Amino acid sequence: MSDLRVRFAPSPTGYLHIGGARTALFNFLLARKEQGTFVLRIEDTDVERSTQESVDAILQAMDWLGLSYDEGPFYQSDRYDLYKSKVSELLEKGHAYRCYCTSDELNAKREEATKSGGHPRYDGTCRERIDQPDAPFVVRFKTPQEGSAAFVDRIKGTISVENAELDDLIIQRTAGNPTYNFVVVIDDAEMGITLVMRGDDHVNNTVRQIPMYEALGYEVPEFAHVPMILGADKKRLSKRHGATSVMDYKVMGYLPEALVNYLVRLGWSCGDEEIFSMTDLIDKFSLDNVGRSAGVFNPEKLLWLNEHYIKTGDPERLGGLVAELLEGQGVVVSDGPDMASVVKTLQERAKTLVEMAEGARFYFEAPISYDEDAATKFLNAEKRGVLELLIKHLGALADFTFEDVENAFKAVMEESGLKLGKIGPTVRVALTGGTVSPSIYDVVTVLGQDAVVTRLQKASASIS
RNA sequence: GGUCCCUUCGUCUAGCGGUCAGGACAUCGGCCUUUCACGUCGGUAACGCGGGUUCGAUUCCCGCAGGGAUCACCA
C-alpha cells in the first residue's frame with residue numbers, strides 16, 4: 001500500500017463516454033500499479049442535469065470494463081454542509097465575497113467586453129463592496145490579482161499563468177449550492193487525493209483552483225492532465241463521430257479487454273508492444289509514457305483488437321456471450337450443438353460478438369429457405385446423386401468425430417469421382433442455407449449427425 | 001480575440017544529438033485455400049516551416065504556421 005490516492009470524478013449527466021473511460025482507466029491503472037487507492041466520486045452539483053440513471057450507467061460501464069474502485073462512490077450532493085461551512089470560512093477570512101450582480105448584468109458586460117475586444121471576465125464590481133443588501137447573491141472567490149500561478153503537471157510539465165488573467169470565480173450560486181471549481185478542491189483535499197488526474201480540458205481550471213487550496217489551508221496535490229481524444233476530423237470526439245458511449249461498444253459486440261487495450265494505447269505506449277492484458281497494464285503502466293498531444297480515435301484499430309481478443313478468447317466464455325445474444329434474438333440454443341464448439345469454428349472469422357452470433361445462427365436453426373443463387377448453382381438436379389451419397393455415408397457413421405466425417409467425405413469423393421470443391425458448396429448450402437460458413441468438415445462435425453442428415457435430406461427433397 | 005497546451009507515415013506511436021527514422025492499424029500486391037475468413041510474405045507512406053546551438057539535429061533553444069483546450073450561477 002502506497003500513499004498514492006487518485007480518483008475518477010464523473011458528472012452524472014449522461015453515459016460514460018470513451019474519453020471519461022480512458023481517464024478512469026489511467027487512474028485505475030496507476031492506483032493498482034502503485035498499490036495506491038482509487039476513489040470514485042460522483043460530481044452531481046448540477047442538480048438540473050444530474051440523474052440517477054446516469055450514475056447507474058456510469059457504474060455499469062466501469063464494472064464492464066473491469067475498473068474497480070477502493071472507496072466510494074461518494075456523492076457531492078451528500079456533502080453540501082461541508083461546502084457551506086467552507087464558503088463561510090472563506091467569507092470570514094476575506095477570501096471570498098458576496099456578489100449581487102445578476103446574470104443578466106454579467107452577460108451584458110461580457111458581451112460588451114467581447115465586442116470592444118476586451119477580456120470577457122468579471123470586472124470585480126462587488127469585490128470591495130462592504131454593504132450587504134437584502135438581495136439575491138452569489139459568492140465569489142477572491143483570486144489573487146498579482147503574481148502568477150504555476151504547477152508542475154506530471155504529464156505536461158510546468159504550466160504557469162499570470163493571475164491577472166484570472167477573474168473571481170463563483171463558488172456558490174444564488175440558489176445556495178456550490179459550483180464545481182469549488183467543491184472539486186474541497187473534495188480532493190478532504191479525500192486526501194494526492195494526484196489529480198483528469199482530462200486536458202481542466203488545465204485552465206487548475207490554476208484557478210490552486211489559490212483555493214491555499215486559501216483553505218489545504219496542501220496542493222499533484223496534477224496530471226491527460227490529452228483529449230479527437231474524432232477523425234481532429235475535432236473533440238462527439239456523437240457525430242460515431243458511438244461514444246462505452247456501453248454502445250458492448251452492444252456492438254466488443255469485448256471489454258479490447259476497449260481497454262485500445263484506450264490505453266491511445267496516449268500511452270510501452271515500446272513496440274500492442275497487446276496488453278489488464279495484468280500487463282497494471283505491471284507496466286506509468287505516467288512517464290503518457291503522451292502530451294491529443295489523439296484521434298481510430299475505430300479500425302479498436303476493431304482489430306477486438307478481432308484479436310475474439311480469436312484468442314476462451315471458447316466457453318465467448319460461447320456464453322454469444323448464447324446471450326442469440327437468445328436475445330429469440331434463437332433457442334439449449335438443444336443445439338455445444339456452444340464452445342460452435343465458437344471455435346467461428347473465432348477466426350468474426351470481428352465482433354455480433355458477427356459471431358450471426359455466423360452461429362444456422363447451427364441452431366435449420367435453413368428455412370436457400371439462398372436463391374446458391375441453390376440454382378449448388379442444389380440442382382446434378383447434385384442430387386452426391387447428396388444421396390453423402391446421406392448414405394454420413395448417416396452410416398457409428399461415431400461422428402472430425403476424422404469420421406473426413407473419411408466419409410473421402411469415400412463420397414471416391415465413389416462420385418468428384419473433388420471436394422464440387423461437393424463442399426452443395427453441402428454448405430444444404431446445411432446453412434448460404435455460401436458462407438466455417439470449414440465444411442467443422443460445420444458437419446459440430447452440427448452433429450442427426451441434424452446433418454436431416455438437412456441433407458431436406459435439401460435433396462427440395463430439388464425437383 | 002486573450003490565455004494555456006500540442007506538432008514523427010492517413011491513424012496510434014517508438015525515438016530521449018550520429019538510426020537505411022522502428023512497430024501497429026489501415027492500404028496495396030503475392031502466396032495459402034472447399035466458401036468467407038485466418039494466416040503468411042512483401043510494398044507504398046512521416047520528422048509542419050524558418051532561424052539558431054553543435055563537428056552533427058527528428059532529438060536542445062527561439063520565432064512562425066497549423067491544431068486543440070478554455071474564457072458559464074456546466075462539470
Side-chain angles (χ1 to χ4, degrees), chain A residues 9-13 43-46 48-50 76 99 101-103 106-107 110 113-114 117-122 136-140 153 155-157 159-162 164-167 169-175 177-181 183-184 198-208 225 227-228 230 232 234-236 262 265-275 289 291-305 307 311 346-351 355 359 374 378 409 419-429 432 434-441 443:
Chain A
S11 59
T13 54
E43 311 231 318
D44 56 353
T45 51
D46 184 348
E48 303 286 303
R49 300 195 298 154
S50 299
Q76 291 185 321
C99 171
C101 301
T102 66
S103 341
L106 260 18
N107 287 335
R110 221 174 352 251
T114 313
H119 291 190
R121 350 195 302 255
Y122 178 61
F137 64 89
V138 299
V139 177
R140 284 183 188 271
D153 191 278
I155 291 171
K156 293 176 175 287
I159 292 174
S160 84
V161 174
E162 296 299 315
E165 293 296 330
L166 279 23
D167 60 356
L169 242 33
I170 290 171
I171 58 176
Q172 186 181 84
R173 301 182 178 95
T174 310
N177 55 329
T179 60
Y180 166 78
N181 271 298
V183 299
V184 75
R198 75 233 297 198
D200 220 349
D201 48 338
H202 287 282
V203 177
N204 292 284
N205 288 327
T206 306
V207 288
R208 299 155 169 273
H225 288 94
M228 300 277 88
L230 278 21
K234 303 266 180 114
K235 299 277 185 230
R236 193 178 181 147
Y262 177 71
R265 275 289 289 108
L266 217 186
W268 174 85
S269 62
C270 184
D272 282 343
E273 288 183 66
E274 292 289 348
I275 305 296
N289 300 314
R292 301 112 301 163
S293 51
V296 174
F297 184 78
N298 183 344
E300 271 103 39
K301 188 152 182 181
L302 169 58
L303 186 60
W304 171 73
L305 279 164
E307 194 182 342
K311 215 174 298 175
L346 261 7
Q347 277 180 295
E348 302 222 309
R349 55 197 89 226
K351 294 185 198 300
E355 264 183 45
F378 305 117
F409 268 83
K419 288 184 179 172
L420 186 58
K422 292 285 173 193
I423 304 175
T426 297
V427 178
R428 179 166 286 112
V429 179
T432 73
T435 53
V436 176
S437 87
S439 166
I440 203 65
Y441 292 162
V443 169

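In what follows, chains carry the letters A, B, and so on, assigned in the order in which the sequence lines appear, proteins first and then strands, with residues in each chain numbered from 1. Just so we're clear, the structure is a prediction, and the values are computed from it rather than from any experiment.
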Given atom [atom1] of [X] and atom [atom2] of [N], what is their separation to the nearest angstrom?
| X | N | atom1 | atom2 | answer |
| --- | --- | --- | --- | --- |
| A:Leu169 | B:A72 | CG | P | 9 Å |
| A:Ile170 | B:A72 | CD1 | C1' | 8 Å |
| A:Asn177 | B:A72 | CG | C1' | 14 Å |
| A:Glu300 | B:C12 | CD | P | 13 Å |
| A:Phe297 | B:U13 | CZ | P | 13 Å |
| A:Leu166 | B:C4 | CG | C1' | 11 Å |
| A:Ile159 | B:C5 | CD1 | P | 6 Å |

Using the [atom1] atoms only, state how far [M] lies from [N], rounded to an integer number of Å.
| N | M | atom1 | value |
| --- | --- | --- | --- |
| B:C31 | B:U19 | P | 38 Å |
| B:U59 | B:G50 | P | 13 Å |
| B:G22 | B:A45 | C1' | 14 Å |
| B:U54 | B:C20 | C1' | 24 Å |
| B:A14 | B:G23 | C1' | 7 Å |
| B:U11 | B:C32 | P | 35 Å |
| B:A57 | B:A72 | P | 46 Å |
| B:G18 | B:A37 | P | 45 Å |

Heavy-atom closest contact ([X] atom, [Y] atom, distance):
| X | Y | answer |
| --- | --- | --- |
| A:Pro12 | A:Glu43 | CD-O, 3.3 Å |
| A:Pro425 | A:Leu420 | CD-O, 4.0 Å |
| A:Val429 | A:Ala374 | CG2-CB, 3.8 Å |
| A:Val443 | A:Pro438 | CG2-O, 3.5 Å |

Decide yes or no on side-chain contact (heavy atoms from CB on, under 4.5 Å) for A:Ile423 and A:Phe409, but give the supporting numbers first. CA-CA 9 Å; A:Ile423 304 175; A:Phe409 268 83; 4.2 Å; yes

Should the ring pair A:Phe297 and A:Tyr262 be called parallel, tilted or perpendicular, given that the plane angle runs from 0 to 90° and is split at 30 and 60?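 Answer is perpendicular, since the angle exceeds 60°.
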
Given A:His225, which of A:Asp153, A:Asn205, A:Asp200 fulfils the side chain to side chain donor-acceptor pair (under 3.5 Å) condition? A:Asp153

A:Cys270 backbone acceptor or donor facing A:Asn289 side chain under 3.5 Å: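 Absent.
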
So, the side chain of A:Ser269 versus the backbone of A:Arg265: is there a donor-acceptor pair under 3.5 Å, distance only? no

Looking at [X], does any N or O in its side chain come under 4.0 Å of the phosphate oxygens OP1/OP2 on [N]?
| X | N | answer |
| --- | --- | --- |
| A:Ser269 | B:A14 | yes |
| A:Thr179 | B:A72 | no |
| A:Arg292 | B:U7 | yes |

What distance do A:Met228 atom CE and A:Ser293 atom OG have between them, rounded to the nearest 0.5 Å?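 The OG atom of A:Ser293 is 12.5 Å from CE of A:Met228, to the nearest 0.5 Å.
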
Options [options], nucleotide nearest the side-chain atoms of [X]:
| X | options | answer |
| --- | --- | --- |
| A:Tyr180 | B:A75, B:G23, B:U34 | B:A75 |
| A:Val138 | B:C73, B:U34, B:G23 | B:C73 |
| A:Thr174 | B:C73, B:A75, B:U34 | B:C73 |
| A:Glu165 | B:G2, B:U13, B:A75 | B:G2 |
| A:Val161 | B:U3, B:U11, B:C6 | B:U3 |

Any chance you could list the contact pattern along nucleotides 36-48 of chain B? Use B for base contacts, S for sugar-phosphate-only contacts and - for none, protein heavy atoms under 4.0 Å, 5' to 3'. BBSS---------

Base, backbone or nothing for each nucleotide of nucleotides 62-70 of chain B, written B, S, -, heavy atoms under 4.0 angstrom, 5' to 3'? ------SBS

For B:C38, does the glycosidic angle fall within 90° of 0 (syn) or outside that (anti)?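 Syn, which is what one calls it when the glycosidic angle falls within 90° of 0.
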
Nearest heavy atom decides the nucleotide; on that basis, is A:Arg49 or A:Gly424 closer to the 5' end of RNA chain B?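 Going by which nucleotide is closer to the 5' end, it is A:Gly424.
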
Of A:Leu420 and A:Arg265, the one whose closest nucleotide on RNA chain B sits nearer the 5' end is A:Arg265

Please evaluate residues A:Leu305 and A:Ile275 with respect to the criterion side-chain contact (heavy atoms from CB on, under 4.5 Å), reporting the C-alpha separation (whole Å), side-chain torsions for both, the decisive distance (0.1 Å), and the verdict. CA-CA 8 Å; A:Leu305 279 164; A:Ile275 305 296; 3.6 Å; yes

Using purine N1 to pyrimidine N3 plus N6-O4 or O6-N4 for Watson-Crick, or N1-O2 and O6-N3 for G-U wobble, each under 3.5 Å, what pairs with [N]?
| N | result |
| --- | --- |
| B:U27 | B:G43 |
| B:G66 | B:C6 |
| B:A57 | none |
| B:C36 | none |

Check every strand shown and say whether [X] touches a base, only sugar-phosphate, or nothing at a heavy-atom separation below 4.0 Å.
| X | value |
| --- | --- |
| A:Gly359 | nothing |
| A:Cys99 | nothing |
| A:Glu43 | sugar-phosphate |

Output yes when A:Asp201 and A:Arg236 qualify as a salt bridge under the 4.0 Å nitrogen-oxygen rule, no when they do not. yes

Checking only heavy atoms, does the side chain of A:Glu273 share a donor-acceptor pair with the base of B:G23 at less than 3.5 Å? no

